[in-house]
Undergrad: 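Let me give you the structure first, and then I'll get to my questions.
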Amino acid sequence: MGTVTSVPGRPIHLLDFAHWSTPQLEELLETSQRMAEVLQRPVKKVPALTGFTVATVFFENSTRTRLSFELAARRMSADVLSFSGATSSLAKGESYRDTLLTLDAMGIDAYVIRADAAGVGHQAATWLGKPIINAGDGWRAHPTQALLDAYTLREVLGSLEGRKIAIVGDIVHSRVARSNAELLPRLGADVWLAGPATLLPPTLPGARLTTRLEEALQDADAVMVLRLQKERMDRGLLPSMSEYMATYQINEERMRLAQPNAWVLHPGPMNRDLEIAGSLADGPRSLIERQVAHGQAVRMAVLYHLLVGPRGGLHAS
Amino acid sequence: MPADLLIRNLRLVDGRGEYGKADLLIEDGCIASLEGGEAQEVWDAQGLMATPGLCDPHAHLRDPGQEAKEDLASGLRAAVQGGYTDLVSMPNTSPPIDTPAAVEYLLRKSASLNLARLHPSAALTQGQAGQLLTEAHALARAGAILLTDDGQTNEDAGLLALGLRYAAAQNLVVAVHAEDASLRRNGVMNEGPLSVQLGLPGNPAAAEAARVARDLEVLRQAMEWSPHHLPRLHVQHLSTARALELITLAHQQGLPVTTEVCPHHLTLTDQALSSLDPVFKVAPPLRTAQDVQALTQGLLDGRIDCIATDHAPHTRAEKDLDMLRAPSGIASLEVAFALLYTRLYLEQSFPLVTLIERFTDGPRRILGLPPIRLAVGQEASLMLFDPATPRPVNSAEFATKARFGPWEGWPLRGWPRATLVRGRTVFQNAIPGAADRG
């Protein structure tokens with residue numbers, strides 16, 4: 001298996017941000033802006049991807065991300081083929097490779113792939129000669145989530161240059177934390193990762209790590225709260241829910257350490273009143289609904305860049 | 001009456017030294033002369049070198065029960081194409097090799113194939129389940145050469161102590177896959193900054209080191225309880241500098257422990273996992289450059305006794321699963337010698353004689369097999385290799401069923417050209433004068 005390669009100057013996949021230059025990422029965020037404008041129109045549809053077929057292949061279940069991608073593709077007039085086999089194809093003895101090659105025989109132009117193992121997108125890229133968009137691979141990366149977070153943060157903060165962003169929770173198992181730690185510093189942000197000692201890796205490139213929540217929250221411009229998987233308790237990584245809530249739950253009181261009116265984000269789905277106080281999630285500082293809305297625009301932009309190219313014409317119908 | 005075979009213009013090297021040019025005359029399976037003579041078949045081996053046949057103390061041939069991965073015919077064919085005349089099969093088959101009948105099956109079937117000589121190992125515990133010892137006496141009589149639960153990790157230290165003592169009375173070595181399961185958990189690559197970055201569960205060096213430390217203490221205790229027979233522990237596929245330090249200390253204290261190292265742990269690091277390609281997934285995992293350096297030094301100075309392939313074939317479909325689900329293992333019988341000849345001897349000036357020793361006498365000593373010398377009167381079990389001609393690794397040509405691997409395309413020298421077992425040609429590739437036996 002070879003490594004993923006790209007045409008000079010133009011990435012062919014979005015597996016993570018390794019093959020994307022900062023100007024290309026800026027361009028993607030600018031296109032997202034134009035897509036967001038499309039979504040404000042009464043008729044939320046453009047013909048940009050007419051004739052293209054996008055397959056969403058979810059080997060790991062996720063309703064929200066899949067719906068967001070599928071709506072994004074349809075808003076651009078692409079046909080959508082949806083495969084959510086979860087582990088069923090594996091259980092039947094069919095490998096991911098065979099599943100993907102079967103779909104490829106049907107004439108797919110781009111793949112949106114989610115799996116519970118890191119690297120499935122990389123593997124798919126060696127099997128298929130088509131653009132692959134990583135919709136989450138295990139603990140490793142979830143690049144469209146980081147892009148929508150960056151887009152949402154820039155909308156409220158302007159530039160991210162010099163901004164302090166705290167990401168709190170189960171860092172070690174989080175693809176959202178990894179992708180944001182990869183993307184946000186490239187846009188100028190100062191990223192802090194905070195969580196309990198058993199859920200915090202020793203290092204992660206691009207970010208500062210701490211078990212001391214106060215250190216991460218101090219003067220932060222925004223706080224991103226991660227979902228806490230309840231199975232972490234079963235594996236002995238945390239002593240109890242109540243201890244986690246007592247030490248790491250993000251609530252109004254803890255937010256006082258951050259900048260006045262600092263923003264709150266959550267990639268969803270939330271465990272309300274576990275990792276985040278419900279009142280905070282519903283309050284005026286919350287960007288959670290905006291994140292969901294912008295997810296669609298960002299995914300439209302990604303599909304557009306990979307299938308048509310950043311310089312293609314984009315006209316309203 | 002002419003002898004069977006004359007191999008002219010060979011340069012000889014074994015685990016003791018290099019001996020310059022010879023014309024090797026082979027008769028009745030033995031070396032009859034180093035100075036030529038009349039023979040029915042005459043090979044011109046100009047430019048080739050000969051060593052004693054290689055010996056692999058650790059290979060998975062998957063037979064019986066997992067023949068989609070490998071069987072005795074494909075595995076032993078791969079062995080001779082890699083220059084091996086002797087090979088120890090691992091017992092983690094389906095069912096595991098834990099009865100005399102299973103050992104006899106392997107010996108009977110392998111003998112009929114006329115390829116490399118198979119020396120079956122057998123399970124230390126029944127079904128490799130870690131509960132009850134196998135019948136070591138009966139297994140030894142049937143032909144088992146060592147006992148191991150390789151593939152499993154012997155979590156019960158008390159049972160290992162008993163197994164070491166019981167095996168010692170049968171003059172059998174006990175080989176261990178030294179990884180602490182509770183530290184390894186579901187780790188699929190070396191734990192370190194890269195595993196964190198890649199979001200893959202890590203298998204820490206501590207899993208190996210902690211288990212080696214425990215097993216050395218178990219060995220010490222077994223020795224105290226076994227004054228008449230020396231228990232012997234063999235640590236398989238050493239992968240970390242830390243575990244090597246513990247082995248070194250044990251040697252200084254006179255503990256009867258031996259070790260092996262695998263080609264992949266000497267030539268690849270965890271950085272290879274950046275590709276997220278399960279072809280690099282192996283247990284114990286590929287470690288750091290510092291570990292590779294320490295292992296190379298240990299192999300050089302003899303703290304590591306020998307090279308073992310841990311040849312572990314899987315089907316292409318299994319390796320096409322993802323990083324979490326794909327099975328661990330690398331198939332290396334056919335590439336091991338050329339790989340280490342190139343990487344260690346040619347590129348790092350590792351002494352050739354020492355390298356040959358670690359491929360031949362080293363493993364044979366652990367297994368209780370006599371050394372093979374390239375001398376008159378010795379058995380003619382040898383490998384011919386081409387020290388000069390570079391050729392990229394092309395797994396498609398391999399005899400193993402696992403025709404893929406982590407070294408694909410690497411330009412290597414030192415490819416085996418012929419393998420003889422007791423004078424019988426079991427493999428040869430385009431040597432002038434050699435009869436084509438297909």
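Protein chains get the first letters and strands the later ones, always in sequence-line order, with residue 1 at the start of each. Quick caveat: nothing in here was measured; it's all calculated off a predicted structure.
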Undergrad: Does a side-chain heavy-atom distance below 4.5 Å link A:D116 with B:R325?
TA: yes
Undergrad: Any side-chain heavy atom of A:T203 sitting closer than 4.5 Å to one from B:V196?
TA: no
Undergrad: Counting only heavy atoms not in B:Q293 (residues, nucleotides, ligands), do more than 12 fall under 6.0 Å from its CD?
TA: no
Undergrad: Are any non-hydrogen side-chain atoms of B:Q197 and A:P201 less than 4.5 angstrom apart?
TA: no
Undergrad: With a 4.0 Å cut-off, would you call A:R97 and B:D322 a salt bridge?
TA: no
Undergrad: Quick check: closest heavy atoms across A:A118 and B:G199, and the distance to 0.1 Å?
TA: CB-O, 4.0 Å
Undergrad: Taking side chain as everything from C-beta outward and backbone as N, CA, C, O, which of these in A:V120 sits under 4.5 Å from a heavy atom of chain B? Side chain, backbone, both or neither.
TA: side chain
Undergrad: May I ask you to check whether over 12 heavy atoms, not counting those of A:R208, lie within 6.0 Å of atom CZ?
TA: no
Undergrad: In Å and rounded to the nearest 0.5 Å, what is the CG to CG distance from B:D320 to A:D98?
TA: 8.0 Å
Undergrad: Show the nearest heavy-atom pair for residues A:A117 and B:M323, with the distance to one decimal.
TA: CB-N, 4.5 Å
Undergrad: Distance check, rounded to the nearest 0.5 Å: B:L200 atom CG versus A:R140 atom CZ?
TA: 8.5 Å
